[in-house]
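Here's the structure, in structure tokens; my notes come after.
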Amino acid sequence: MKNLVWLGWMAGLALVVSGCAPDDALRDSEPGHARARLDDASTWTSTTPMGTARVDHTATLLRSGYLLVAGGATPNAELYDPRLGRWYALPAMSAYRQRHTATLLLSGKVLVAGGNPSTQAVGTAEVYDPDLYAWTSTASFDVPRSQHTATLLGNGKVLLVGGDNGSGKALATALLFDSSSNAWAATGSLAAARLGHGATLLPSGQVLVTGGRSAASGEVLTSAELYDPATGTWRSVAPMNMPRVGHSATLLLSGKVLVAGGFAGSLATSSSEVFDPATGRWTRVGELPLACALHTATLLASGQVLVAGGSSGGSVYLDGAALFDPATGIWSATHSMTARRGGHTATLLPSGEVVATGGVPEAGSRHTSTERYHPPVLPWQPTTGMALSRAQHTAVTLPTGQVLVAGGTGTSGEALLASELYDEQRGAWTATGPLGARRYLHSATVLGSGGVLVVGGQADASTYLSSAELYDPQRGAWTPVPNMSVRRARHTATVLRSGQVLVTGGWTGASTSTNLSVTELFDPALGQWSTVGAMTKARAFHTATLLDSGLVLVTGGTTPEGDVATASAELYDPATGTWRATGAMAMPRYGHVAMPLSSGRVLVVGGWGQGGALRSAELYDPLTGLWTPVAAMGFPRYAPRAAVLATGRVLVVTGDGGSDLGMLDSAEAFDPNTGLWSPAGTLSARSTQNDVTLLRSGRVLVPGGYGSSGALSNSELYVPAG
């Protein structure tokens with residue numbers, strides 16, 4: 001996230017108003033220019049004001065979903081609860097800070113560094129602990145800094161770059177903060193000293209630094225540099241097409257970087273350009289509907305970028321807002337904020353909304369006010385609820401496009417017989433034939449014939465099932481098929497290339513001592529089961545994923561050995577009916593999800609391991625049999641649900657966040673092209689033990705689950721980013 005820069009520049013630079021005034025800045029709808037589009041359904045709504053007026057402060061979204069706001073010509077800090085719209089006072093920081101940085105660490109704590117209380121920069125830093133609601137000072141760094149940047153690297157360290165040393169001199173030096181030792185260390189210096197620049201973490205793990213000034217009253221820069229954490233060195237890349245300071249630099253879902261606005265000397269600019277890390281080149285894109293600098297730029301769940309407020313160069317700040325569409329490279333004016341703001345913050349909330357806080361409406365005054373931006377379409381939309389409340393059920397999309405939901409537990413915890421069909425075009429549920437046996441924690445698999453095989457599960461807390469049945473979509477009825485050789489729940493069922501269904505593991509009682517290594521095959525053509533080679537480990541709460549090679553990858557789970565979880569993985573070869581070990585995961589886990597990617601690799605996410613619910617994710621490469629850790633999710637998730645979208649991105653929803661967070665209502669999406677996660681909105685209720693299924697339209701249906709008051713009938717649709 002780009003850190004806001006000092007509005008005090010403007011007084012010292014005697015800036016003049018741009019020739020494109022805010023009130024008449026809308027341009028005609030010409031190629032490369034912004035389009036005036038004020039008929040969209042987006043809105044800005046005033047919300048509860050902060051307890052303290054602030055400018056040039058920071059706002060950091062915590063893992064809890066709360067927003068930490070700190071400093072802004074004050075040592076005070078406060079927390080915002082987006083669900084209740086309430087602010088809570090926190091203990092003050094050790095120093096007055098303005099034009100500082102705030103960085104969310106891997107631990108969930110927040111590092112606040114530098115800034116200046118009035119005219120002198122400070123060289124101190126402190127860490128906020130959300131669990132203790134307390135601040136702890138760290139070691140000081142080399143020289144005072146403000147108007148610098150701070151970027152969390154993939155290795156967990158924080159890169160602090162450049163800034164003003166408190167006397168108007170720009171710095172070329174850079175530092176690394178190590179949270180394990182609470183210490184700072186020098187790293188490679190920039191080629192050009194700069195302050196008020198932008199810094200963006202790229203998917204490669206490198207950091208792109210753009211523009212800025214050579215001194216408080218110095219030259220505005222076009223230059224850009226890349227920092228490589230592996231070597232601790234910088235290298236110059238192609239310069240921007242225009243000098244910029246006070247601009248925004250936003251990582252798009254594509255992995256490219258959008259740079260917009262800023263001062264190009266004494267005047268604000270409406271120009272924008274995109275940096276492509278793959279080519280190292282800049283490309284001009286559409287112009288903003290108004291010239292602006294010191295604005296905010298927020299990546300929305302839709303993939304669009306919202307720019308709001310800032311300055312055109314005069315003493316009165318802007319209330320205008322605009323949306324950038326990466327698909328067209330064009331900006332569209334959207335509705336203005338309720339107040340003029342500069343030196344404010346704008347933060348994407350888990351819901352997909354944006355909250356703007358504080359800033360100044362004009363020189364000499366500061367805001368306590370806040371407001372929320374509601375996009376035209378939020379990521380999640382309600383649809384008709386099921387006839388029955390249910391959790392621990394299954395949901396699969398049929399070849400007809402309808403969704404079949406079967407079994408589960410009801411409002412009193414009883415196992416259900418009922419099945420329902422969802423029609424996306426009508427947005428409606430209808431009853432279909434009931435199961436032959438009450439069951440939950442079973443598996444449901446769509447066969448090549450279009451039928452659905454349901455296997456195993458539980459009838460109650462102590463009754464485990466070996467029975468199986470087949471759903472015929474033409475008749476809307478279930479037919480019993482032969483039983484498996486063993487009773488099981490918490491197992492997996494995977495359709496092989498042959499059309500047969502491989503069922504693995506699970507347990508026959510409520511302890512790991514009953515875990516199974518037994519695997520068996522169902523042949524739909526013969527309607528019969530056969531036992532094949534046993535897994536190398538008995539396991540339950542594991543995953544099974546069909547690879548491009550036709551092999552099946554099984555990962556993690558609980559084991560009878562008494563481990564909390566296992567990191568082991570193994571491969572099933574249908575040609576021989578045997579199992580062999582493959583590389584172990586980096587993290588032991590159970591209750592996780594594993595999703596096949598278009599590259600042939602497999603993404604494993606979340607689950608439960610040492611310390612509780614996990615945020616971590618890793619990729620399996622079938623060619624090497626090895627695992628590689630990737631960026632962690634924003635939230636720890638045990639028993640989440642996941643779907644691979646038509647774009648190739650992976651949507652992960654809900655789950656249990658552990659004792660600190662409980663049931664989750666959030667979703668996030670992993671992009672295999674960038675290796676990064678982005679927020680994907682919030683559902684209407686916290687839940688777990690639901691199911692997800694990809695619809696023909698590309699949307700995702702999430703029906704039911706356990707909520708705070710028991711089983712749910714709610715159904716919600718996810719609308720993917722374009």
Side-chain angles (χ1 to χ4, degrees), residues 378-446 451-455 457-460 469 471-473 475-478 639-643 651 653-656 663-667 681-719:
L378 289 173
W380 290 93
Q381 300 174 355
T383 187
T384 309
M386 296 180 290
L388 290 179
S389 298
R390 62 179 88 215
Q392 299 179 320
H393 52 287
T394 54
V396 294
T397 300
L398 304 176
T400 61
Q402 293 177 301
V403 174
L404 172 68
V405 165
T409 52
T411 53
S412 301
E414 76 285 6
L416 299 174
L417 287 170
S419 302
E420 306 182 48
L421 290 172
Y422 177 75
D423 187 315
E424 184 183 11
Q425 290 187 338
R426 295 189 299 115
W429 292 90
T430 56
T432 188
L435 289 160
R438 298 178 182 273
R439 63 181 82 226
Y440 62 93
L441 295 178
H442 51 285
S443 61
T445 312
V446 180
V452 178
L453 176 70
V454 158
V455 171
Q458 294 177 230
D460 54 46
E469 43 193 310
Y471 178 76
D472 183 345
R475 297 187 301 113
W478 296 87
R641 298 294 184 261
L651 175 71
V653 305
T654 64
D656 188 330
M663 290 183 291
L664 302 173
D665 58 4
S666 62
T682 55
L683 290 80
S684 63
R686 295 175 181 267
S687 65
T688 186
Q689 300 295 332
N690 44 35
D691 206 355
V692 302
T693 187
L694 183 69
L695 304 177
R696 274 184 172 178
S697 65
R699 298 190 294 180
V700 176
L701 176 70
V702 178
Y706 276 128
S708 58
S709 57
L712 302 171
S713 62
N714 299 2
S715 296
E716 302 190 49
L717 290 168
Y718 173 73
V719 181

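Summarising the geometry of V653 relative to A667, their closest heavy-atom pair is CG1-CB, 3.8 Å, with the distance given to 0.1 Å. Here the closest heavy-atom approach between residue A395 and residue P703 is recorded as CB-CG, 4.0 Å. The shortest heavy-atom contact between A459 and A415 is O-CB, 3.3 Å. Heavy atoms only, all atoms of each residue included: A406 and W478 are closest at CB-CZ2, 4.0 Å. When every heavy atom of Y706 is checked against every heavy atom of A711, the shortest pair comes out as CD2-N, 3.9 Å.
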Apply the test side chain to side chain contact (heavy atoms under 4.5 Å, CB included) to residues E420 and R390: give CA-CA distance (whole Å), side-chain angles for both, the deciding distance (0.1 Å), then the verdict. CA-CA 11 Å; E420 306 182 48; R390 62 179 88 215; 2.9 Å; yes
How far apart are the C-alpha atoms of L712 and S389, what are their side-chain angles, what is the distance that settles it, and do they pass the side chain to side chain contact (heavy atoms under 4.5 Å, CB included) test? CA-CA 4 Å; L712 302 171; S389 298; 5.6 Å; no
Using side chain to side chain contact (heavy atoms under 4.5 Å, CB included), reason through D665 and W380 one step at a time and then give a plain yes or no. CA-CA 11 Å; D665 58 4; W380 290 93; over 6 Å; no
Step by step, work out the side chain to side chain contact (heavy atoms under 4.5 Å, CB included) result for M386 and Y422. CA-CA 8 Å; M386 296 180 290; Y422 177 75; over 6 Å; no
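Inter-residue side-chain proximity for R699 and Q381 is flagged as met; some heavy-atom pair is nearer than 4.5 Å. Within the 4.5 Å cutoff, no side-chain heavy atoms of V692 are placed close to those of L651. Taking the side chain as every heavy atom from C-beta outward, T688 and T654 never approach each other to under 4.5 Å. With a 4.5 Å cut-off on side-chain heavy atoms, S666 and T682 count as touching. Considering only heavy atoms from C-beta on, L404 stays 4.5 Å or farther from P473 through its side chain.
In this structure, the side chain of R641 engages the main chain of A639 through a donor-acceptor pair within 3.5 Å. Using a distance-only test at 3.5 Å, with no hydrogens or angles considered, no donor-acceptor pair links the side chain of R439 to the main chain of G407. Judged by distance alone, the side chain of T384 and the main-chain N or O of G427 form a donor-acceptor pair under 3.5 Å. In this structure a side-chain-to-backbone donor-acceptor pair under 3.5 Å is missing from R438 to E414. Looking at T409, its side chain does come within 3.5 Å of a backbone N or O of A391 through a donor-acceptor pair. Using modelled atom types, no side-chain atom of E469 and backbone atom of L435 make a donor-acceptor pair closer than 3.5 Å.
Considering CE of M663 and OG of S708, their distance stands at 5.5 Å, rounded to 0.5 Å. With values rounded to the nearest 0.5 angstrom, L717 atom CG is found 7.5 Å from S697 atom OG. Rounded to the nearest 0.5 angstrom, Y440 OH and T394 OG1 are separated by 14.5 Å. H442 NE2 to Q458 CD: the interatomic distance, rounded to the nearest 0.5 Å, is 11.5 Å. Rounded to the nearest 0.5 angstrom, D656 CG and Q689 CD are separated by 9.0 Å. A distance of 2.5 Å separates OH in Y471 from OG1 in T432, rounded to the nearest 0.5 Å.
Shown are D423, L421, V405; of these, the side chain to side chain contact (heavy atoms under 4.5 Å, CB included) with W429 is made only by V405. Paired with Y718 under the rule side chain to side chain contact (heavy atoms under 4.5 Å, CB included), one option of L683, L701, V700 passes, and it is V700.
If you check the side chains of T693 and T397, you find a donor sitting under 3.5 Å from an acceptor.
The pair E424-R696 does not count as a salt bridge, with every side-chain nitrogen at least 4.0 angstrom from each carboxylate oxygen.
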